[in-house]
Amino acid sequence: MPHFTMDYSANLDRTVDFDALCRVVHAEILKTGLFEIGAVRVRAIRCEAYAIADLLGENAFIDMSFRIGEGRSEEDKQRTGEAIFKAVTQHLDALFQTPHFALTLEIREIDPTLSWKKNAIHPRLRKSSD
């Protein structure tokens with residue numbers, strides 16, 4: 001159950017292709033070998049209202065949150081976070097050439113007793129890989 005969400009300031013719409021960025025993250029998640037393809041979800045959510053640092057209009061952010069099920073080692077989580085952060089940082093290199101951009105990533109484990117799931121995608125993908 002890897003769910004990756006990017007909240008971003010609306011002023012990035014004109015400079016970032018979020019469809020492409022979602023695909024970059026999706027590829028990095030799959031490269032880890034830790035998650036089934038049918039469970040991976042990557043999405044970007046535009047934030048219309050925000051206040052960043054000194055309130056300059058050029059200030060922008062992407063706050064990334066990666067929610068995963070329990071069972072991965074600390075080393076696997078660290079390696080995954082580093083790989084995703086590196087890929088996103090490289091993809092957004094131009095934004096770091098300005099003094100107005102902030103990028104964050106946090107990985108959180110989902111409590112299995114407080115999480116409910118039903119996924120019709122898994123059986124289709126598992127069947128096609130046989």
Side-chain angles (χ1 to χ4, degrees):
M1 174 163 171
H3 285 253
F4 194 97
T5 304
M6 292 178 269
D7 293 329
Y8 70 92
S9 55
N11 62 346
L12 290 174
D13 279 343
R14 58 189 175 278
T15 55
V16 176
D17 178 346
F18 281 95
D19 286 332
L21 185 56
C22 285
R23 291 181 183 279
V24 165
V25 172
H26 187 273
E28 286 301 316
I29 290 170
L30 291 178
K31 279 186 207 174
T32 68
L34 298 173
F35 307 99
E36 276 190 86
I37 190 170
V40 177
R41 283 125 179 88
V42 179
R43 57 192 165 267
I45 300 171
R46 184 177 199 262
C47 297
E48 284 287 332
Y50 52 88
I52 305 168
D54 57 356
L55 304 178
L56 287 176
E58 300 90 353
N59 291 345
F61 73 88
I62 298 176
D63 175 43
M64 303 179 295
S65 175
F66 193 29
R67 296 174 21 244
I68 63 173
E70 67 179 2
R72 279 99 186 161
S73 69
E74 289 300 314
E75 294 80 18
D76 283 341
K77 290 184 282 190
Q78 183 74 33
R79 180 175 49 86
T80 298
E82 288 173 359
I84 292 169
F85 199 80
K86 179 180 179 182
V88 171
T89 299
Q90 288 174 344
H91 187 80
L92 300 174
D93 184 59
L95 291 175
F96 290 102
Q97 305 309 310
T98 75
H100 302 287
F101 180 63
L103 179 67
T104 57
L105 169 61
E106 178 184 15
I107 297 177
R108 290 178 276 157
E109 282 190 345
I110 300 165
D111 182 337
T113 61
L114 299 174
S115 176
W116 297 263
K117 300 171 237 6
K118 185 171 182 173
N119 184 340
I121 298 171
H122 274 308
R124 175 178 55 84
L125 292 176
R126 288 174 182 155
K127 187 176 184 178
S128 68
S129 67
D130 292 338

Using modelled atom types only, decide if a donor and an acceptor are shared between the side chain of [X] and the backbone of [Y] within a distance under 3.5 Å.
X     : Y     : result
Asn59 : Ile52 : yes
Thr32 : Ile29 : yes
Gln97 : Asp93 : yes
Thr80 : Asp76 : yes

For Arg72 and Phe35, what are the C-alpha separation, side-chain angles and deciding distance, and is it a side-chain contact (heavy atoms from CB on, under 4.5 Å)? CA-CA 10 Å; Arg72 279 99 186 161; Phe35 307 99; 3.3 Å; yes
Take Glu36 and Leu125, measure what side-chain contact (heavy atoms from CB on, under 4.5 Å) needs, and give me the verdict at the end. CA-CA 9 Å; Glu36 276 190 86; Leu125 292 176; over 6 Å; no
Linking I/L/V/M/F/W/Y whenever any side-chain heavy atoms sit under 4.5 Å apart, do Leu34 and Phe4 land together?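 Result: yes, single cluster for both.
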Do Val16 and Phe61 belong together in a cluster built from hydrophobic side chains that touch within less than 4.5 Å?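 Shared cluster, no.
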Could you tell me whether the side chain of Cys22 reaches within less than 4.5 Å of the side chain of Met6, counting heavy atoms only? yes
Can you tell me how far [atom2] of [Y] sits from [atom1] of [X], rounded to the nearest 0.5 angstrom?
X     : Y      : atom1 : atom2 : result
Asn11 : Tyr50  : CG    : OH    : 3.5 Å
Ile45 : Ile62  : CD1   : CD1   : 12.5 Å
Met64 : Ile107 : CE    : CD1   : 9.5 Å
Ile84 : Thr89  : CD1   : OG1   : 11.5 Å

Mind running side-chain contact (heavy atoms from CB on, under 4.5 Å) on Leu103 and Phe96 for me, showing each step along the way? CA-CA 9 Å; Leu103 179 67; Phe96 290 102; 3.9 Å; yes
For Arg43, look at atom CZ and say whether over 12 heavy atoms of other residues, nucleotides or ligands are found less than 6.0 Å away.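 Check passes, neighbour count above 12.
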Pick from Val42, Val40, Leu30: which one makes a side chain to side chain contact (heavy atoms under 4.5 Å, CB included) with Val25? Val42
Tell me whether the rings of Phe18 and Tyr8 are parallel (<30°), tilted (30 to 60°) or perpendicular (>60°). parallel
Under the rule for side chain to side chain contact (heavy atoms under 4.5 Å, CB included), what residues qualify as partners of Arg108, not counting sequence neighbours?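 Residues passing side chain to side chain contact (heavy atoms under 4.5 Å, CB included) with Arg108: Ser65, Arg67, Glu106.
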Suppose we screen for side chain to side chain contact (heavy atoms under 4.5 Å, CB included). Which residues come up paired with Glu74, at least two apart in sequence or across chains? Lys77
Arg79 with Glu82: basic N within carboxylate O range, under 4.0 Å: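 Looking at Glu82 together with Arg79, the answer is no, because their closest N to O distance does not fall below 4.0 Å.
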What are the two closest non-hydrogen atoms of [X] and [Y], and how far apart are they?
X      : Y     : value
Cys47  : Asp7  : SG-CB, 3.9 Å
Glu109 : Gly71 : OE2-N, 4.1 Å
Ile110 : Gly69 : CD1-N, 4.4 Å

Going by salt bridge (Lys or Arg N to Asp or Glu O under 4.0 Å), name the residues that satisfy it together with Asp17, two or more places apart in sequence or in a different chain.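 Not a single residue meets the salt bridge (Lys or Arg N to Asp or Glu O under 4.0 Å) criterion with Asp17.
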